[in-house]
There are 2 protein chains.
Amino acid sequence: MPPRKAASKDPEPLPRSARKDLTRARLLQAALTLMGEGRSFTSLGLREIAREAGVVPNAFYRHFRNTDELGLVLVEEVGITLRRLLREARKMDVAPSDMLRRSVSVYLEYVKLNRLQFLFISSERSGGSRILRLAIRNDVTHFTNEMAQDFRMRGLYAHLPTARLQMVCGMIVMTMLAAATDVLDLPPDQTLLEAEMSENFVQQLKIILFGATRLNDALGSS
Amino acid sequence: MPPRKAASKDPEPLPRSARKDLTRARLLQAALTLMGEGRSFTSLGLREIAREAGVVPNAFYRHFRNTDELGLVLVEEVGITLRRLLREARKMDVAPSDMLRRSVSVYLEYVKLNRLQFLFISSERSGGSRILRLAIRNDVTHFTNEMAQDFRMRGLYAHLPTARLQMVCGMIVMTMLAAATDVLDLPPDQTLLEAEMSENFVQQLKIILFGATRLNDALGSS
DNA sequence: GCTTGCGGTGTACGCTTGTACACAAATTGT
DNA sequence: ACAATTTGTGTACAAGCGTACACCGCAAGC
């Protein structure tokens, strides 16, 4: 017997705050879903989002002042996702043998898993509202920095001066985002093209990493 | 005496087709101008553009079926601009001594000169309407291909297999676009930051080019 | 246990938007 | 010289938008 009043149909009384968070999540998800259908975030209307979320337009205001604010929360979530990605990357083996290829495939899998979020940042990173753009760029910068720090901790590319390491990570992230954009507007189940892109991605990273170390050596010895 | 009727005030009879092209150009320019004010193209309305161009909304239809079609024309113009850039680059000296640095500064100057157009592609390359996005990507791909072809004609990086050269050019273009994006949302007259970015840009290209040749050598000799 | 506060709803407003139709002027082809 | 085409205008309408206000039911706090 359920201890709670034992009402015939009372699946979950759900404390009010939880209910609130739930519809809030629905609003966020609605925005992402709409973007997944090809719409750009900037062109989304408050009413549209509310409709997709299954609530009346006014309910929107109980959670966000306007669409931009919702966008900022989305960016925040993306930040969390990126941090999670780094955390997963960190506990990968340091086995040097095609660790690059492994990283790439893990990353691409991650992108497909969090499709909508990556679609969001790749769409709004350059082009939406100024505030959103800056917020996203901020997150990306943080990601880059943490990546550089991880490299340092692992003793990878230890001979590179910090500034250069930072730049290399910047290039890596740029390449990662470009790759994400590419896989995202690829129709699903195009395994062949996908494999090709993945291989390209690996080669690009190799070029960057190889170039960075060797160029540094060449300059240092001159 | 002007042969044409000799009316008192008749500055230019201007054939009708010219007048048409003129307002058409005004519409295109209006769209770019609005984007220069921070608006994203996707969020521009037909009426908004017409208003900015100083014509009544209905006049829009005499030139474009809808805003997307106007966007496509803009993309076309961008394509011309890019081709012009390549043509200018082609007639630069082949003097190897810091030709990279010179190319970069020429390019950045070109970006600032065609500010609005680059802002447009950098905004809509990922994120606007699907049709526009594809059109832009198409142009960028063409640009990349022509660049690779130029490299070949000049005998630069002749030892790279075509596929690899193509990839390198892809990375260069990606870096160029990223750099353009960066200088574009930099407030004007930030000469210091701008110089720093420019130098970064040079270094990135060096890494790519150096890495590509050397990585290729290393693989070829193994 | 009653009041209070909060999440959600319904109605309503003023505004902008895309588009349709009829029309004016004027350049063009014959 | 005349008729036809073409560019730009004015008016109009239905639809969608963001937002304000009054309201309702119910969980929460005294």
Side-chain angles (χ1 to χ4, degrees), chain A residues 2-31 34 37 39-73 128-129 131, chain B residues 2-31 34 37 39-73 128-129 131:
Chain A
R4 273 199 184 262
K5 287 277 189 76
S8 62
K9 51 164 189 165
D10 189 348
E12 270 158 303
L14 266 188
R16 187 155 61 185
S17 70
R19 277 212 178 277
K20 168 161 183 174
D21 288 0
L22 197 146
T23 63
R24 181 185 145 108
R26 268 209 306 230
L27 284 169
L28 291 167
Q29 183 57 42
L34 286 171
E37 292 167 3
R39 318 263 344 224
S40 95
F41 180 83
T42 322
S43 74
L44 290 181
L46 176 155
R47 276 181 124 103
E48 208 174 353
I49 299 177
R51 203 181 309 133
E52 172 78 23
V55 293
V56 83
N58 264 322
F60 188 96
Y61 291 117
R62 304 287 184 195
H63 304 273
F64 312 99
R65 231 192 305 275
N66 49 47
T67 50
D68 265 357
E69 195 169 286
L70 182 143
L72 287 180
V73 174
S129 93
I131 315 178
Chain B
R4 271 201 186 258
K5 286 278 187 75
S8 62
K9 50 163 190 169
D10 189 348
E12 270 159 303
L14 266 186
R16 185 154 62 188
S17 71
R19 277 212 178 279
K20 169 159 183 174
D21 288 1
L22 199 144
T23 65
R24 180 184 144 109
R26 269 209 308 230
L27 283 170
L28 291 166
Q29 184 56 43
L34 286 172
E37 291 167 3
R39 318 264 342 214
S40 94
F41 179 82
T42 321
S43 75
L44 290 180
L46 176 156
R47 276 181 124 104
E48 208 174 353
I49 298 177
R51 203 182 309 132
E52 173 78 22
V55 292
V56 81
N58 264 322
F60 188 97
Y61 291 117
R62 304 288 184 193
H63 304 272
F64 313 99
R65 230 191 305 275
N66 49 46
T67 50
D68 265 358
E69 196 169 286
L70 182 145
L72 286 181
V73 175
S129 93
I131 315 178

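In what follows, every chain begins at residue 1, and chains take the letters A, B, ... in the order their sequences are listed.
Across the protein-nucleic acid pair, B:L44 atom CG and C:dG18 atom P stand 10 Å apart, rounded to whole Å. Atom CG of B:L46 is separated from atom P of C:dA20 by 11 Å (rounded to the nearest Å). The distance from atom OH of A:Y61 to atom P of D:dC17 is 12 Å, rounded to the nearest whole Å. With rounding to whole Å, B:E48 atom CD is found 13 Å from C:dG18 atom C1'. Separating the CZ atom of A:F60 from the P atom of C:dC6 is a distance of 20 Å, rounded to the nearest angstrom. Distance, B:R19 CZ to D:dT9 C1': 15 Å, rounded to whole Å. When the C1' atom of C:dT16 is taken as reference, atom CD1 of B:I49 falls 15 Å away, rounded to whole Å. Across the protein-nucleic acid pair, A:R24 atom CZ and C:dG8 atom C1' stand 17 Å apart, rounded to whole Å.
Side-chain contact between B:R24 and B:V73 is present, with heavy atoms from C-beta onward closer than 4.5 Å. Between A:K20 and A:H63 the shortest side-chain heavy-atom distance falls below 4.5 Å. When side chains are defined from C-beta on, B:T42 does not count as touching A:T42, because their heavy atoms never get closer than 4.5 Å. Contact check for B:R47 versus B:F60: no side-chain heavy atoms found under the 4.5 Å cut-off. Here the side chains of B:L46 and B:Y61 are in contact, with some heavy-atom distance below 4.5 Å. For the pair A:L44/A:T67, no side-chain contact is recorded, criterion being any heavy-atom separation below 4.5 Å from C-beta on.
Over its full length, the helix from C:dG1-D:dC30 to C:dT30-D:dA1 turns its helical axis through 10°, comparing axes from the five pairs at each end and rounding to 10°.
Rounding to the nearest 0.5 angstrom, the gap separating the CG atom in A:L34 from the OG atom in A:S43 is 9.0 Å.
The backbone N or O of A:E69 sits less than 3.5 Å from a side-chain atom of A:N66, completing a donor-acceptor pair.
In terms of phosphate contacts, A:H63 brings a side-chain nitrogen or oxygen within less than 4.0 Å of OP1 or OP2 of C:dG8. For B:T23, a side-chain nitrogen or oxygen approaches OP1 or OP2 of D:dG8 to under 4.0 Å.
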Detail all sub-3.5 Å separations between protein N/O atoms and N/O atoms belonging to nucleotides 10-13 of chain C.
| residue | atom | partner | partner atom | Å |
| --- | --- | --- | --- | --- |
| C:dG10 | O6 | A:N58 | ND2 | 2.2 |

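Both B:A59 and A:R51 sit near DNA chain D, but only B:A59 has its closest nucleotide nearer the 5' end.
Of the candidate nucleotides D:dC17, D:dT7, D:dT19, D:dT7 has the atom lying nearest to any side-chain atom of B:R62.
Considering all non-hydrogen atoms of both residues, A:F41 and A:A31 come closest at CE1-CB, 4.4 Å.
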